[in-house]
Structures are given as structure tokens and as C-alpha cells.
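Right, I'll just put the structure down here and ask away after.
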Amino acid sequence: MAPLELMGELRKLDIEVRPFFRPLHTLPMYESFERTSMEGADLLWARGLALPCSVGLTGGQQDRVVEALARLARAPATRPKGPRRRPGS
């Protein structure tokens with residue numbers, strides 16, 4: 001399941017999730033600096049999601065997120081619609 005599709009499915013279940021943090025090296029304020037390969041950071045940004053995380057999450061809330069992810073992982077795979085989000089976009 002594509003990350004944005006997974007995010008939509010989790011939100012339907014009232015589970016707050018958002019795209020992963022944008023890597024700092026992709027921000028315009030850093031474009032004049034020398035860059036090295038940041039493939040790991042770029043991949044996380046393109047495919048990662050930030051799941052609920054807080055010291056205040058109860059065990060029950062954690063279980064709810066884990067169970068929803070497990071159910072969705074067993075769901076039939078679908079092809080992503082439209083272009084994939086790419087680093088720098």
C-alpha cells in the first residue's frame with residue numbers, strides 16, 4: 001500500500017498520522033551548500049509516515065495503532081494512483 005493511501009486509511013480509523021519530516025538538505029535555504037548523497041533521508045521522506053508517538057499514549061492506544069497497521073498490511077495490495085511523491089517536490 002502506498003504511504004499516502006495508508007495515511008488515508010489510518011485517518012478513516014481516527015488515527016492521526018502525517019507524512020514524515022522533510023529532510024533539511026532539501027530546503028531552499030540550504031541549496032547553496034555542498035551536498036552529499038542522502039539516499040536514506042530521501043527514501044524516508046518519500047515513503048515514510050510519522051505514526052502517533054507520545055509518552056502519553058496508553059497501552060490501549062498503542063495496541064489500536066498496531067492492530068490497524070497489521071490489518072491494513074494484510075489488505076490486498078493496490079497500485080498507487082498518480083505520480084509518487086519524490087524528494088525535493
Side-chain angles (χ1 to χ4, degrees):
M1 182 177 295
L4 295 179
E5 182 181 4
L6 178 58
M7 184 168 55
E9 292 300 316
L10 289 169
R11 285 182 174 172
K12 286 179 191 175
L13 298 171
D14 218 17
I15 295 175
E16 198 171 318
V17 62
R18 60 180 176 69
F20 204 69
F21 298 98
R22 182 174 179 173
L24 292 178
H25 73 278
T26 66
L27 297 174
M29 67 180 83
Y30 297 112
E31 65 187 24
S32 65
F33 291 88
E34 182 180 341
R35 293 187 184 193
T36 60
S37 174
M38 302 278 184
E39 293 173 10
D42 292 336
L43 180 62
L44 281 173
W45 183 46
R47 308 266 319 148
L49 293 176
L51 299 173
C53 60
S54 168
V55 296
L57 280 177
T58 66
Q61 290 169 320
Q62 293 173 31
D63 290 343
R64 189 168 163 268
V65 172
V66 170
E67 289 165 6
L69 286 168
R71 268 194 322 274
L72 292 167
R74 289 189 298 268
T78 58
R79 291 187 60 109
K81 296 178 180 121
R84 290 176 52 182
R85 184 175 71 172
R86 296 182 187 271
S89 60

All side-chain hydrogen bond (donor to acceptor under 3.5 Å, both in side chains) counterparts of Gln61, not counting sequence neighbours: Thr58
field: Residues that Pro3 engages under side chain to side chain contact (heavy atoms under 4.5 Å, CB included), provided they are two or more places apart
entry: Arg47, Leu49
task: Provide the full list of side chain to side chain donor-acceptor pair (under 3.5 Å) pairs with a residue in residues 12-21, sequence neighbours left out, each pair given once.
output: Glu9-Lys12
query: Who pairs with Leu69 by side chain to side chain contact (heavy atoms under 4.5 Å, CB included), at least two apart in sequence or on another chain?
result: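 Leu69: side chain to side chain contact (heavy atoms under 4.5 Å, CB included) contacts with Leu6, Leu10, Leu51, Val65.
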field: Asp42 to His25 - nearest heavy-atom pair and separation
entry: OD1-NE2, 2.9 Å
- prompt: How would you list, by chain and number, every residue that makes a side-chain hydrogen bond (donor to acceptor under 3.5 Å, both in side chains) with Thr36, sequence neighbours excluded?
  reply: none
- prompt: Would a hydrophobic clustering, with Ile, Leu, Val, Met, Phe, Trp and Tyr connected at side-chain separations under 4.5 Å, put Phe33 with Met29?
  reply: yes
field: Same apolar cluster: Leu24 and Phe21, side chain cutoff 4.5 Å
entry: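 Looking at the clustering, Phe21 is in a separate group from Leu24.
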message: Donor-acceptor check, side chain of Arg22 to backbone of Trp45, threshold 3.5 angstrom: yes or no?
response: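 Such a contact is absent between Arg22 side chain and Trp45 backbone.
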message: Holding to side chain to side chain contact (heavy atoms under 4.5 Å, CB included), I want the full list of residues that pass it with Arg71, two or more places apart in sequence or in another chain.
response: Leu13, Glu67, Ala68, Arg74
statement: Of all heavy-atom pairs linking Ala41 and Pro23, the shortest is O-CG, 3.6 Å
field: Least distance between heavy atoms, Arg64 atom then Ile15 atom
entry: NH1-CG1, 3.5 Å
